[in-house]
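Notes follow the structure.
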There are 2 protein chains.
Amino acid sequence: MKQKSSAAKPDLAEAEAELFLLEAFLPYRLSVATNRISRLFARRYCDAYGLSIPEWRVMAVIGRAGTLSPGRVAEWAAMDKVKVSRAAASLVARGLLRQNADPEDGRGRKLSLTRKGRGIHRGVIPLARTLEAQLAAGLSPGEWQALGPILDKLLAHVQAMEEGSPGAGID
Amino acid sequence: MKQKSSAAKPDLAEAEAELFLLEAFLPYRLSVATNRISRLFARRYCDAYGLSIPEWRVMAVIGRAGTLSPGRVAEWAAMDKVKVSRAAASLVARGLLRQNADPEDGRGRKLSLTRKGRGIHRGVIPLARTLEAQLAAGLSPGEWQALGPILDKLLAHVQAMEEGSPGAGID
DNA sequence: TGACTTTTGTTTCATATGAAACTATCCAGG
DNA sequence: CCTGGATAGTTTCATATGAAACAAAAGTCA
C-alpha cells in the first residue's frame with residue numbers, strides 16, 4: 001500500500017488546510033479590492049471619454065511627456081509593448097494621437113497628442129483626480145498616506161521575489 | 001469660431017493636466033502592484049499544482065466548506081458564476097472535484113473535493129500561506145497589519161461609489 | 001392546473017490579453 | 001560592404017474574460 005497512514009485520520013496538514021479562510025487571505029483581498037476599483041474607474045473613463053484604461057494610460061504619459069516612443073510609453077505606464085501598440089493604434093484611429101516616424105531611427109515612432117487629443121487629456125486628467133479623491137475619501141488621511149509607500153514596497157518586494165527563484169519552477 | 005479663447009494660451013486646466021504624473025496616481029500604483037502579485041502567485045500555483053487562480057479559489061472555499069453549490073462558491077470567492085462554472089468543469093475533468101445533483105433542488109449542484117482533490121488542497125494551502133508570508137516580509141509588521149483594514153474600507157467604499165451614481169453615466 | 005416570473009447553472013459570442021512569430025531597421029565584426 | 005546578431009514595433013494565435021442568451025427547474029398566483 002502506498003497510501004499514507006493518514007488516510008483514516010486527517011493529518012495536521014489536512015486539519016490546517018481545512019481552516020484556511022479565503023476572505024482572510026491578504027493577496028486575495030488585495031486582488032478583489034483592486035479589480036473592483038479598476039473596473040469602476042474604467043467604466044467612468046469609458047462613459048465620459050470612450051477611453052479604455054490602456055488608452056487612458058497612454059494618453060496620460062504622452063500628455064505629460066509631450067512626445068514619447070511606444071517603448072518609453074510601455075516603461076512609464078507599466079504596460080507591455082503589445083498593449084501600447086494596440087492602444088496607440090486605437091487612439092490614432094480616433095484622431096487623438098499622432099504617430100510619426102522617428103527621423104533618427106527608422107524603427108522608432110514618435111507619439112504625440114493631436115489638438116483633439118489634448119482636449120480629451122484636458123478633461124480626463126481632472127476626472128482621474130476627482131475619482132482618486134473620491135476613493136481617498138473612503139480612508140482616513142493617515143491610511144491613504146500610508147498606502148503609497150506600502151504599494152511601493154510591495155512592488156519592489158514582488159520584483160525581488162520574481163527574480164529570486166525564477167529557475168526554481170522552470171526545471 | 002467656436003474655439004475657446006484658450007486656444008493660444010494654455011489655460012489652467014491644460015497646465016494642470018500636463019503636470020499629471022501617472023506614477024503618483026494611487027489607483028494606478030495599486031493596480032500595478034496587485035497585478036504583479038497576482039501574476040506571481042498564479043505562476044507558483046500553476047507550477048506546483050497546475051491550478052489557475054479561479055481554480056485555486058474554488059478549491060479553497062470548497063476545501064473549507066466541505067460542500068457548496070456553484071452559486072455559493074461565487075459568493076465566497078468573489079467570482080462571477082461563469083468563472084465558477086468553468087473552473088469547476090476543469091477541476092471535475094481533472095478528478096479533483098465532484099459535482100453531484102442537489103437532491104433538494106433540481107437546478108442546484110453540490111460541489112465537493114474528491115480524495116485526490118483533498119490531496120491537492122492539502123498541498124496548495126500551505127503553499128499559499130508560505131507565499132503570503134514571503135510577501136508580508138516585504139513590509140514592516142505594522143504596514144502589513146494596516147493593509148487588511150485599508151483594503152476592507154476601500155472595498156466597502158468602492159461598492160458605495162458604484163451604487164452612488166450608477167445612473168449618472170448611463171443616461 | 002396552467003401560465004407568469006424567478007432562480008440556477010451552462011453555453012455562446014464578442015472582446016481583451018500576452019507569448020511568440022514576424023518585419024524592418026540598426027549596429028558590430030570581418 | 002556584407003553577414004550575423006540585437007532592437008523597435010506590429011501581427012498572429014491561442015486563451016481568458018464577462019455580458020447576454022439559453023435551458024431547466026422552482027415558485028407564484030389565479
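As a basis for the values below, the full set of heavy atoms in this structure was taken, side chains included, without hydrogen atoms, waters or symmetry mates. The chains referred to below are lettered A, B, ... by the order of the sequence lines, with proteins before strands, and numbering in each begins at 1.
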Mind listing the N/O atom pairs, protein and nucleotides 1-5 of chain C, below 3.5 Å?
none

Quick one: side chains of residues 74-88 of chain B, donor-acceptor pairs under 3.5 Å with protein atoms, not counting sequence neighbours, listed by atom name and distance.
unit_1: D80(B); atom_1: OD2; unit_2: V82(B); atom_2: N; d: 3.2
unit_1: D80(B); atom_1: OD2; unit_2: K83(B); atom_2: N; d: 3.4

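- Remark: S31(A) engages N35(A), T34(B), S38(B), R57(B) in a side chain to side chain contact (heavy atoms under 4.5 Å, CB included) (not counting sequence neighbours).
- The ring-ring contact (aromatic ring centres under 6.0 Å, His included) search around Y45(A) returns W56(A), not counting sequence neighbours.
- Salt-bridge check for R64(B) with E18(A): failed, with every basic side-chain N at 4.0 Å or more from each acidic carboxylate O.
- dA8(D) atom C1' lies 14 Å from atom CG of L68(A), rounded to whole Å.
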Take nucleotides 11-20 of chain C nucleotide by nucleotide from the 5' end and write B, S or -, depending on whether a protein heavy atom sits under 4.0 Å from the base, only from the sugar-phosphate, or from neither.
BB----BBBB
Are there any protein N/O atoms within less than 3.5 Å of an N/O atom in nucleotides 25-27 of chain D, and if so, which ones and at what distance?
unit_1: dA25(D); atom_1: O3'; unit_2: G106(B); atom_2: N; d: 3.4
unit_1: dA26(D); atom_1: OP1; unit_2: G106(B); atom_2: N; d: 2.6

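- Not counting sequence neighbours, T67(A) has no partner by the side-chain hydrogen bond (donor to acceptor under 3.5 Å, both in side chains) test.
- Contact annotation: Q99(A) reaches the phosphate of dT10(D) (side-chain N/O to OP1 or OP2, under 4.0 Å).
- Among residue pairs with one or both ends in residues 87-101 of chain B, those qualifying as salt bridge (charged side-chain N to carboxylate O under 4.0 Å, His left out) are E55(B)-R94(B); sequence neighbours excluded.
- Atom-to-atom, CG of L97(A) to P of dG9(D) comes out at 13 Å; the value is rounded to the nearest Å.
- Remark: R36(B) engages E162(A) in a side-chain hydrogen bond (donor to acceptor under 3.5 Å, both in side chains) (not counting sequence neighbours).
- Going from atom CD of E75(A) over to atom P of dG9(D) covers 10 Å, rounded to whole Å.
- Evaluation of the salt bridge (Lys or Arg N to Asp or Glu O under 4.0 Å) rule for R107(B) yields D105(B) as partners, not counting sequence neighbours.
- Residue pairs meeting the side chain to side chain donor-acceptor pair (under 3.5 Å) criterion with at least one member in residues 126-135 of chain A, sequence neighbours excluded: R129(A)-E16(B).
- Taking atom CZ of residue R109(B) and atom P of nucleotide dA24(D), one finds them 11 Å apart after rounding to whole Å.
- Counting only heavy atoms from C-beta outward, the side chains of L127(A) and L131(A) approach each other to under 4.5 Å.
- If you take CZ of R72(A) and P of dT7(D), they are 14 Å apart, rounded to a whole angstrom.
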Please output the side-chain donor-acceptor pairs of residues 144-152 of chain B that fall under 3.5 Å, not counting sequence neighbours, one pair per line with the distance.
unit_1: D152(B); atom_1: OD1; unit_2: R29(A); atom_2: NH1; d: 3.0
unit_1: D152(B); atom_1: OD2; unit_2: R29(A); atom_2: NH1; d: 3.1

